[in-house]
Amino acid sequence: MAVGYSIYVEKDSKLHREIDPRTKFLWLATIFAVSLLFNHPLPLGILVIAVIAVGLSSKLDLKTLKPFLLASIWFLVLGVLIWPFYISQGTPVVTVFGSTITTTGLLFGFAMGLRVALMVTTASIVMMSTSPQKMMMGLLKMGIPYKAGMALSVAIRFVPLINAERLTITEAQRTRGLNLDQGNSFKRSIKYVGVIGPLMLRVLDLTSTLAVAMDCRGFGARNGRSSITRIEITRLDILLIVAALVAVVLAVISRILGFGILLQGYL
């Protein structure tokens, strides 16, 4: 099974080549802020569709986005299953375990699922369209200390690496006769100890190797470091930064006026 060791997907698009990582970080924060200002499924749904459209227009196909879209669907299901039990406003639909489920509760739960889905989808597209080198340079240009930027960059790169190791260990254990798909949930969870144990040892080995490699290269010996990667704010970035600020202002005004709000008093 082919596995990747980086979330970044190299494509020839404006989002990959021409937009500064600092601009992407600003839009990521903007999307997060705007998603928190609305609790109605309509504006949140429109934003989710818009973000997916940006990803597709940047040559990130649905196969690449599939894991994140599936995670988003899972959050939608959780939102619809959990939130209606805490919302009593609206027209009653059905009674479950003594709790009255209302239309407003269902819509609010769907909106909360869309909110998390929006955050997950936006973050995934930003990471898939920004190389680790540019991401780290963007963090450094924003004033984050080099060591902190390096730690964050390594943590992001470790996610797909650890997942790749998990898949390798799982396949190795299956060749040894370990059937992870047989039995109930409790029995399957016990069987996964045979995967989690070696995975934890492998992670410790990777972190130890990384620490030794960084020490051998003199990491932290100097306060400043040079980089072959260069980033700069262009005219397109300035337009996008202004658009992000305008979007936040309009979202705040909409919140004050009550637009995009399903329930007052809820975030």
Side-chain angles (χ1 to χ4, degrees), residues 1-11 16 28 48 51-52 55-56 58-82 112-114 116-136 139 147-217 219:
M1 183 182 295
V3 291
Y5 292 93
S6 176
I7 300 177
Y8 173 64
V9 180
E10 187 173 357
K11 297 289 184 179
H16 288 74
L28 179 62
V48 170
V51 168
I52 294 175
L56 295 177
S58 302
K59 302 181 181 180
L60 296 172
D61 52 34
L62 288 175
K63 184 179 180 180
T64 305
L65 296 171
K66 181 180 177 181
F68 303 98
L69 295 178
L70 290 176
S72 299
I73 293 174
W74 175 243
F75 286 120
L76 286 175
V77 173
L78 284 179
V80 173
L81 290 177
I82 295 174
M112 294 301 99
L114 283 173
V116 180
L118 177 60
M119 295 179 178
V120 170
T121 307
T122 305
S124 64
I125 291 176
V126 169
M127 289 188 292
M128 285 190 288
S129 63
T130 311
S131 67
Q133 294 82 6
K134 287 187 176 181
M135 186 176 294
M136 185 171 178
L139 294 172
K147 291 183 179 180
M150 183 67 181
L152 182 58
S153 177
V154 169
I156 293 174
R157 298 186 71 173
F158 252 56
V159 173
L161 178 59
I162 292 174
N163 184 54
E165 293 292 341
R166 178 188 64 83
L167 293 175
T168 301
I169 293 171
T170 300
E171 291 181 358
Q173 295 290 54
R174 280 175 173 163
T175 59
R176 292 179 174 85
L178 180 63
N179 190 347
L180 298 171
D181 302 321
Q182 189 176 11
N184 54 38
S185 301
F186 180 72
K187 290 183 178 180
R188 289 200 302 270
S189 63
I190 293 178
K191 291 179 181 179
Y192 262 98
V193 173
V195 175
I196 297 174
L199 179 61
M200 293 300 296
L201 294 176
R202 181 57 181 156
V203 169
L204 292 174
D205 180 56
L206 286 172
T207 54
S208 177
T209 303
L210 178 62
V212 172
M214 293 172 67
D215 285 339
C216 291
R217 287 165 174 78
F219 179 77

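All values below were derived from every heavy atom in this structure, side-chain atoms included, with hydrogens, water molecules and symmetry-related copies excluded. The structure displayed is predicted, hence computed values, not measured ones.
Here CZ of Arg176 is found 12.0 Å from CD of Glu171. Values are rounded to the nearest 0.5 Å. A distance of 9.5 Å separates CG in Leu204 from CG in Leu199, rounded to the nearest 0.5 Å. Distance check, rounded to the nearest 0.5 Å: CZ of Phe75 to CG of Leu118 gives 12.5 Å. Here the CG-CD1 distance, from Leu201 to Ile196, works out to 12.0 Å after rounding to the nearest 0.5 Å.
Applying the salt bridge (Lys or Arg N to Asp or Glu O under 4.0 Å) test to every pair with at least one member in residues 68-79, sequence neighbours left out, gives no pairs at all. For the salt bridge (Lys or Arg N to Asp or Glu O under 4.0 Å) condition, the pairs that include at least one residue of residues 196-214, sequence neighbours left out, are Glu165-Arg202, Arg202-Asp205.
No donor-acceptor pair closer than 3.5 Å links the side chain of Thr122 to the backbone N or O of Met119.
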Name the atoms and distances for all side-chain donor-acceptor pairs under 3.5 Å in residues 61-72, with sequence neighbours left out.
from: Asp61; atom 1: OD1; to: Lys63; atom 2: N; distance (Å): 3.4
from: Asp61; atom 1: OD1; to: Thr64; atom 2: N; distance (Å): 2.8
from: Asp61; atom 1: OD1; to: Thr64; atom 2: OG1; distance (Å): 2.6
from: Ser72; atom 1: OG; to: Phe68; atom 2: O; distance (Å): 2.9
from: Ser72; atom 1: OG; to: Thr121; atom 2: OG1; distance (Å): 3.3

Which atom pairs, donor and acceptor, lie under 3.5 Å between side-chain atoms of residues 129-136 and protein residues at least two apart or in another chain?
from: Ser129; atom 1: OG; to: Ile125; atom 2: O; distance (Å): 2.8
from: Ser129; atom 1: OG; to: Val126; atom 2: O; distance (Å): 3.3
from: Thr130; atom 1: OG1; to: Lys24; atom 2: NZ; distance (Å): 3.1
from: Thr130; atom 1: OG1; to: Val126; atom 2: O; distance (Å): 2.8
from: Ser131; atom 1: OG; to: Lys134; atom 2: N; distance (Å): 3.3

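Between Leu210 and Leu206, every side-chain heavy-atom pair lies at or beyond the 4.5 Å cut-off. In this structure the side chain of Arg174 reaches within 4.5 angstrom of the side chain of Thr170, judged on heavy atoms.
For Lys11, the side chain to side chain contact (heavy atoms under 4.5 Å, CB included) partners at least two apart in sequence or on another chain are Val9, His16, Lys59, Leu60. Scored by the side chain to side chain contact (heavy atoms under 4.5 Å, CB included) test, Leu178 finds Gln173, Leu180, Lys191 as partners (sequence neighbours excluded).
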